[in-house]
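Worksheet: one structure, shown below.
Per chain, numbering begins at 1; letters A, B, ... match sequence-line order.
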Amino acid sequence: MALYGGIELPGKPDLDNVRRLDVLPIPMVMDMMRYGFAVDREHLRRVGSELGREMAELRAEICSYIPVEKLDEFIHRSNLDADDTYLPMNVDSNVQLAELLYRVLGVGNGKVLKRTKGGGQVSTGRRQLEQLKAEHPVVQKCLDYRERAKLKNTYCDALPELARLHPRGGCWCGLTHECETWRVHTQLLLTRTTTGRPASKNPNLQNISVRSKWGAEIRRGFVASPGTVLVSVDFAQIELRILAMVSSAVKLIETFQTDGDPHMTTAMEAFGITDPDKVDKIMHRAPAKNVNFAVVYGESAKGLLEQLTSDTYGKAGLPVPDWLTLEWCEQFIAKWFEIYPEVREYIEKQHYRARRYGLVWDQVGRIRRIPEVRSVHNRVVAAGLRQASNMPIQGFASELLKLAMAEVHTEVVRVVRDAGVWCQPLVPVHDELVLEVDEGWGETVMGLVVGVFEGVLRDKGTGEEWEGGGGVPVKADGKVMGRWEK
DNA sequence: TATCGCCGCGCC
DNA sequence: AAACGGCGCGGCGATA
């Protein structure tokens with residue numbers, strides 16, 4: 001069946017479709033790189049100085065936990081902090097932090113401490129610290145410091161250096177602007193990843209913070225140019241929808257066909273709840289949502305346990321429920337596969353392909369070689385098999401965004417520009433597209449882009465939905481805003 | 001001083 | 001032994 005741009009679905013693992021999909025988004029991608037994303041340097045400067053104040057406080061507090069008699073073991077390092085005040089240790093050094101926590105303060109005594117992958121040092125990662133924060137008040141300080149340091153270093157200090165001034169009357173990118181704005185010009189890479197996703201660098205605009213309070217504040221530093229608004233459109237639950245398509249999981253398809261919430265469905269099925277009002281967000285929906293996402297990646301019970309304790313409960317500042325054990329996670333995952341048994345068949349099919357052919361492919365025929373399956377190390381084989389089941393999902397999702405980008409470029413951006421309206425795509429974020437649009441046209445363009453996204457699997461000739469989709473509708477959400485926020 | 005591997009972590 | 005897929009980036013510490 002012919003789809004937009006001559007893409008045929010499902011594609012065989014030859015390269016015709018793939019070549020098209022590597023090429024189709026190029027006009028839009030060039031536009032994005034050339035035009036850049038406006039940043040509010042004053043906003044980032046203000047956030048940065050606040051973060052800097054909090055960091056200095058946290059640094060001092062952390063150092064104050066060094067016992068007096070141990071001070072000389074640290075002080076010889078002559079660590080100098082940003083304010084030219086001497087501190088006994090460098091809190092940014094994981095080596096020194098591990099020494100303080102585990103050797104000097106004895107945090108985690110008697111526990112088997114996780115070690116890092118490469119060098120085998122005792123880990124000071126967030127996952128580890130979350131487990132230990134009840135033992136000593138310094139641990140939470142370290143977590144708070146880390147969050148602030150990451151944001152300040154990356155976005156308040158480094159990123160503005162990448163922003164270039166675009167003065168009135170023209171600039172190096174060849175475009176004229178009506179007023180002075182600072183813009184960052186990301187580089188988008190279309191052939192970098194093994195799954196088909198575009199990658200972004202210098203700066204990476206695909207991992208701008210948003211979740212935490214401070215993270216959201218950072219993202220607000222990305223703004224629409226004067227006289228314009230930001231339009232953001234994203235596919236709703238696209239990877240789960242694709243999982244439903246490729247596995248034909250009945251319960252999953254049913255949920256999407258009735259416009260239901262898949263996390264809610266999983267929760268109700270797994271816990272045997274019939275009344276939606278009885279689904280508790282923390283106790284039922286959170287673990288259900290976690291498994292819904294993680295099963296695509298091949299997550300283990302141990303992984304689920306860590307995810308839930310560290311992120312869902314730990315990072316959210318919620319108490320970890322006592323029923324949350326490794327056994328509980330094992331049973332929950334088992335229950336998940338009872339609800340969606342077709343998914344197990346899908347996973348096994350990808351494993352078979354990886355072992356039989358040494359490669360897997362997604363619905364457009366993009367291939368990923370999985371040489372790991374020939375390894376003599378079970379760990380390596382297992383990692384390869386996880387990649388094998390994940391790639392067709394992540395890959396196909398990325399193809400849909402690229403297809404949508406191409407159509408937005410020709411059917412929306414060009415058309416709207418021809419009508420004399422400012423319309424500039426800024427960045428793709430895996431399942432989302434951000435554009436800058438004349439402020440009077442935000443809602444209109446948003447609607448058009450949502451339409452393109454939702455019709456991405458529709459044959460442009462006949463209007464028929466792709467039969468390989470198993471009746472799963474593609475849905476998209478749109479937003480109009482003055483600053484980039486969730 | 002420049003470079004590299006490691007660690008940790010932001011996003012989807 | 002490891003246990004979650006795909007990325008890029010900043011700081012540290014070792015090395016050249």
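- Checked against dC9(C), dC12(B), dG8(C), the side chain of Ala199(A) finds its nearest nucleotide in dG8(C).
- Between Asp92(A) atom CG and dC12(C) atom P there is a gap of 5 Å when expressed in whole angstrom units.
- The CE-C1' distance, from Met391(A) to dC12(B), rounds to 16 Å in whole Å.
- Taking atom P in both dG8(B) and dA2(C), one finds a spacing of 14 Å when rounded to whole Å.
- Within residues 357-387 of chain A, the residues approached by DNA chain C to less than 4.0 Å at the level of any non-hydrogen atom are Arg368(A), Arg379(A), Arg386(A), Gln387(A), in residue-number order.
- Within residues 140-159 of chain A, the residues approached by DNA chain B to less than 4.0 Å at the level of any non-hydrogen atom are Arg146(A), Lys150(A), in residue-number order.
- Side-chain nitrogen and oxygen atoms of Thr194(A) include at least one within less than 4.0 Å of the OP1 or OP2 phosphate oxygen of dC7(C).
- At dG10(B), none of the side-chain N or O atoms of Arg219(A) fall inside 4.0 Å of OP1 or OP2 (strictly under the cut-off).
- Partner Val91(A) forms a side chain to side chain contact (heavy atoms under 4.5 Å, CB included) with one of Arg59(A), Lys141(A), Gln96(A) and no other, that one being Arg59(A).
- Within 4.0 Å of Leu97(A), counting heavy atoms only, lies no atom of the nucleic acid at all.
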Query - Intermediate values then yes/no, side chain to side chain donor-acceptor pair (under 3.5 Å), Gln387(A) and Arg368(A) - result: CA-CA 9 Å; Gln387(A) 293 158 7; Arg368(A) 172 172 181 165; 3.1 Å; yes
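- Looking at Arg45(A), Arg220(A), Arg483(A) one by one, the single match for side-chain hydrogen bond (donor to acceptor under 3.5 Å, both in side chains) with Asp40(A) turns out to be Arg483(A).
- Remark: the Asn207(A) side chain and the dG10(B) base include a donor-acceptor N/O pair separated by less than 3.5 Å.
- OP1 or OP2 of dC7(B) lies within a sub-4.0 Å distance of a side-chain N or O belonging to Thr116(A).
- Met55(A) places its CE atom 11 Å from the C1' atom of dG11(C), with the value rounded to the nearest Å.
- Salt-bridge annotation for Glu57(A) and Arg53(A): absent, with no side-chain N of the basic residue lying under 4.0 Å from a carboxylate O of the acidic one.
- No contact: Glu432(A) has no heavy atom under 4.0 Å from any strand.
- Heavy atoms of Gly120(A) sit under 4.0 angstrom from primed sugar atoms or phosphate atoms, though from no base atom.
- Across all strands shown, Ser389(A) has no heavy atoms under 4.0 Å from either base or sugar-phosphate atoms.
- Glu239(A) has its CD atom 13 Å from the P atom of dG5(C), to the nearest Å.
- Taking the six-membered ring where the residue is Trp, Trp323(A) and Trp328(A) present tilted rings, their angle falling between 30° and 60°.
- In this entry the distance linking NE2 of His351(A) with P of dG5(C) reads 11 Å, nearest Å.
- Distances shown here put every side-chain N or O of Arg211(A) at or beyond 4.0 Å from the OP1 or OP2 atom of dG10(B).
- Set against dC9(B), dC12(C), dC12(B), the side chain of Ser93(A) has dC12(C) as its closest nucleotide.
- Here Lys486(A) reaches the OP1 or OP2 of dC12(B): one of its side-chain N or O atoms lies under 4.0 Å away.
- Arg366(A) has a carboxylate O that lies under 4.0 Å from a charged side-chain N of Asp22(A), or vice versa, which qualifies the two as a salt bridge.
- Ion pairing between Lys302(A) and Glu306(A) holds under the 4.0 Å rule for side-chain N and carboxylate O.
- In this structure, the CG atom of Asn204(A) is 12 Å from the C1' atom of dG6(C), given to the nearest Å.
- If you check dG5(C), dG8(B), dG10(B) against the side chain of Asn390(A), the one that comes closest is dG5(C).
- Between Lys117(A) and Leu189(A), the residue anchored closer to the 5' end of DNA chain C is Lys117(A), taking for each the nucleotide with the nearest heavy atom.
- For the pair Thr124(A) and dC7(B), the criterion of a side-chain N or O lying under 4.0 Å from OP1 or OP2 is not met.
- Glu454(A) places no side-chain N or O within donor-acceptor distance of the main-chain N or O of Lys475(A), the cut-off being under 3.5 Å.
- Atom C1' of nucleotide dC12(B) and atom CZ of Phe235(A) are separated by 14 Å, given to the nearest angstrom.
- Scanning both residues, Phe337(A) and Val343(A), for their nearest heavy atoms gives CE2-CG1, 4.1 Å.
- Backbone-only contact: Lys201(A) has heavy atoms under 4.0 Å from sugar-phosphate atoms and none from a base.
- Aromatic ring orientation, His263(A) versus Phe293(A): tilted (interplanar angle from 30° to 60°).
- Whole-Å rounding puts the Ile242(A) CD1 to dC12(B) P distance at 17 Å.
- Not one N or O on the side chain of Asn390(A) forms a donor-acceptor pair closer than 3.5 Å with the backbone of Arg386(A).
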Query raised in the report: Pairs counted as Watson-Crick or G-U wobble with both distances under 3.5 Å: what dot-bracket string results for DNA chain C, using | for bases tied to another strand?
Result: ....||||||||||||
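- The side chain of Arg192(A) places an N or O atom within less than 4.0 Å of a non-bridging phosphate oxygen (OP1 or OP2) of dG8(C).
- Across dG10(B), dG13(C), dC12(B), the shortest atom-to-atom separation from the side chain of Val429(A) is found for dC12(B).
- Ser300(A) has no side-chain polar atom (N or O) that falls below the 4.0 Å cut-off from OP1 or OP2 of dA2(C).
- Using a 4.0 Å cut-off between charged side-chain N and carboxylate O, Arg197(A) and Glu239(A) make a salt bridge.
- In this structure, Pro160(A) and Leu44(A) approach most closely via the heavy-atom pair CG-CD1, 4.3 Å.
- Residue Asn90(A) has a polar side-chain atom (N or O) positioned under 4.0 Å from OP1 or OP2 of dC12(C).
- Remark: Glu130(A) does not engage Arg127(A) in a salt bridge, criterion side-chain N to carboxylate O under 4.0 Å.
- Each of dG13(C), dG5(C), dC11(B) was ranked by its minimum atom distance to the side chain of Arg197(A); first place goes to dG5(C).
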